[in-house]
Amino acid sequence: MPTTLTARTFFTRNLLQWHFEENDRQLPWKNETDPYKIWLSEIILQQTRAEQGLPYYQRFIAQYPDVHRLADAPEAEVFRLWQGLGYYNRCRNLIAAAQTISRDYKGRFPADYEKILALKGVGNYTAAAVASFAFGLPYAVLDGNVYRVLARYFGIDTETDSTAGKKQFQELVQQLLDPEQPAAFNQAIMDFGASVCKPKAAACTTCVLAPECQAYRRDMVDLLPVKGKKIKVTERYFHYFVLQVGDEVFIRQRREKDIWQDLFEFYLVETGQATLQPGDIPPAGITQLPAPVFSNRQRLTHQLIISDFYLVGLEKKPELPGEGIWVKQALLKNYAFPKTILSFFNRKNYF
DNA sequence: AATTCGGGGCA
DNA sequence: TGCCCAGAATT
């Protein structure tokens, strides 16, 4: 799909005009110039809606006003602040990048696209966002909004999750970028995708780009963009033994390469079926199978986690395989848990 | 090139 | 329910 200069001009000019006139929702990271805050907001917002990320952003800024504070914070404290936000490798990479900036760059965020891109957890999108918003560098962002807006406006049916698609859209948006005002362009195209050219129920009747929009012209708005990959959801059965001795509970940190890495959980027995079978009993001094006191289903992108929780009161701490710690209930708030575990805490009549 | 990393909002 | 969200890293 070759783009004419006329088309590029119309698109970019009208998009920027729309953005200038539109009173869109103000968010704390908009019109922000501190690269630390912009970077932090972008990491939090990866695959995350603004409404969901906003309270986390506010708590992070309050707790860690600058990159040194974040770099020097205890890892467990940062994870506790990230608890519930998901994609926890973002948190791990956030800490690593903060330490790189704090130590290698002495707290001075690099004003260089390649150096920004080299930071842990920073890919093409985030590097372009920070480079443009913080330093006014001419790098166009390519996120879910941009794919959608461009696929529809130019009538592109290339699969957006293919290598060819990424390349095609990346080159296109970079051509469309107004190098005189990269920050405004990037903000505009993402805001436009979020509020006008929405995934469902796009506001085509009032859209300022509709006159030149290929998808609108061909009545293909709901067919674009095209994604190729299908996701397969695996069912997993977790049996959590809430082992208690006095006012202490046994928890362990998930270290394996799996979901919820670095978060804490109870003693886990994972099986291939919903009901616990004789022989699945953990070596925890349990002589007979207890009945679950609570159940939970959590849907992740690729997995459905079905959990049963068993309350087990013990006289003395048993010998358990692997690593783990006994924690007083009052101190559980210092550890980061996945939502499945939090759902157990939040249930009525806990302990 | 394909998978896998959370969790929530929406029709 | 299925799709999507200010994506990135790993295999």
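Predicted model, so just to flag it, every value in this text is computed and none were measured. Here is how names work: the chains are called A, B, and so on, in the same order as the sequence lines, proteins then strands, and each is numbered from 1.
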* Could you tell me whether A:Gly53 contacts a base, only the sugar-phosphate backbone, or nothing, with contacts defined as non-hydrogen atoms closer than 4.0 Å? => nothing

* To do: Would you mind classifying the nucleic acid contact of A:Val122 as base, sugar-phosphate or nothing, using non-hydrogen atoms under 4.0 angstrom?
  => sugar-phosphate

* To do: Measure the distance from NZ on A:Lys200 to P on C:dC3 and round it to the nearest whole Å.
  => 8 Å

* Asked: Could you state the CH2-C1' distance from A:Trp82 to B:dG6, rounded to the nearest angstrom?
  -> 11 Å

* To do: Using a heavy-atom cut-off of under 4.0 Å over every strand shown, decide if A:Thr126 touches base, sugar-phosphate, or nothing.
  => sugar-phosphate

* Given that A:Arg90 and A:Arg49 both sit by DNA chain C, which one's nearest nucleotide is further toward the 5' end? -> A:Arg49

* **C:dC5 versus B:dG6 - spacing of their C1' atoms, nearest Å** => 12 Å

* Please figure out whether A:Ala164 or A:Tyr88 has its closest DNA chain B nucleotide nearer the 5' end. => A:Ala164

* **Touch class at under 4.0 angstrom, heavy-atom based, for A:Gln187 against every strand present** => base

* With a cut-off of 6.0 Å (strictly less than), are more than 12 heavy atoms of other residues, nucleotides or ligands near CD of A:Gln277? -> yes

* Asked: Base, sugar-phosphate, or nothing: which does A:Lys30 touch, judged by heavy atoms less than 4.0 Å apart?
  -> base

* Would you please confirm or rule out a distance under 4.0 Å between OP1 or OP2 of B:dA2 and any side-chain N or O of A:Lys232? => no

* **A:Gln46 CD - B:dG8 P separation (whole Å)** => 18 Å

* A:Lys167 atom NZ, neighbour heavy-atom count above 12 within 6.0 Å -> no

* Answer with base, sugar-phosphate or nothing: what part of the nucleic acid does A:Asp258 contact at a heavy-atom distance below 4.0 Å? => sugar-phosphate

* Asked: Distance-only, no hydrogens or angles: does the A:Glu235 side chain make a donor-acceptor pair with backbone N or O of A:Gln273 under 3.5 Å?
  -> no

* Asked: OP1 or OP2 of B:dG8 less than 4.0 angstrom from a side-chain nitrogen or oxygen of A:Arg299, does that happen here?
  -> no

* Whole Å only: how far is the CD atom of A:Gln170 from the P atom of C:dA8? -> 10 Å

* Listed nucleotide nearest any side-chain atom of A:Pro199, set C:dT10, C:dA6, C:dC4 -> C:dC4

* Asked: Is any side-chain N or O of A:Tyr125 under 3.5 Å from a base N or O of C:dG7, one able to act as donor and the other as acceptor?
  -> no

* **Heavy atoms from other residues, nucleotides or ligands near CD of A:Glu256 exceed 12 (cutoff 6.0 Å)** => yes

* Between A:Lys120 and A:Gln52, which is nearer to the 5' end of DNA chain C once each is assigned its nearest nucleotide? -> A:Gln52

* Phosphate OP1/OP2 of B:dG7 contacted by A:Trp260 side-chain N/O (<4.0 Å) -> yes

* Round to a whole Å and report the spacing from CG of A:Asn93 to P of B:dC5. => 15 Å

* **Phosphate contact (C:dA9 OP1 or OP2) by A:Asn89 side-chain N/O below 4.0 Å** => no

* Which whole number of Å gives the distance between the P atom of B:dA11 and that of C:dA6? -> 15 Å

* To do: Return the 5'-most residue of the pair A:Leu263, A:Lys230 with respect to DNA chain B, ranking by each residue's nearest nucleotide.
  => A:Lys230

* **Under-4.0 Å side-chain N/O to phosphate OP1/OP2 contact, A:Thr48 with C:dG7** => no

* Please tell me which of the listed nucleotides, B:dG6, C:dC4, C:dA6, lies nearest to the side chain of A:Ile259? => B:dG6

* Check every strand shown and say whether A:Ile44 touches a base, only sugar-phosphate, or nothing at a heavy-atom separation below 4.0 Å. => nothing

* So what does A:Asn186 touch, heavy atoms closer than 4.0 Å: a base, only the sugar-phosphate, or nothing? -> nothing

* Asked: Does a salt bridge link A:Asp262 with A:Arg254, judged by any charged N lying under 4.0 Å from a carboxylate O?
  -> no

* Hey, is the main chain of A:Thr340 close enough, under 3.5 Å, to the side chain of A:Ser343 for a donor-acceptor pair? -> yes

* Structure fact -> Atom CD of A:Glu42 and atom P of C:dA8 are separated, to the nearest Å, by 9 Å

* Which whole-number value in Å describes the distance from A:Lys229 NZ to B:dT3 C1'? -> 9 Å

* To do: Answer with base, sugar-phosphate or nothing: what part of the nucleic acid does A:Gln261 contact at a heavy-atom distance below 4.0 Å?
  => nothing

* Test: A:Asp104 and A:Lys115 ion pair at under 4.0 Å -> no

* To do: In whole angstrom, give me the gap between the C1' atoms of C:dT1 and B:dC5.
  => 22 Å

* To do: Calculate the interatomic distance between A:Lys227 atom NZ and B:dA2 atom P; express it in whole Å.
  => 15 Å

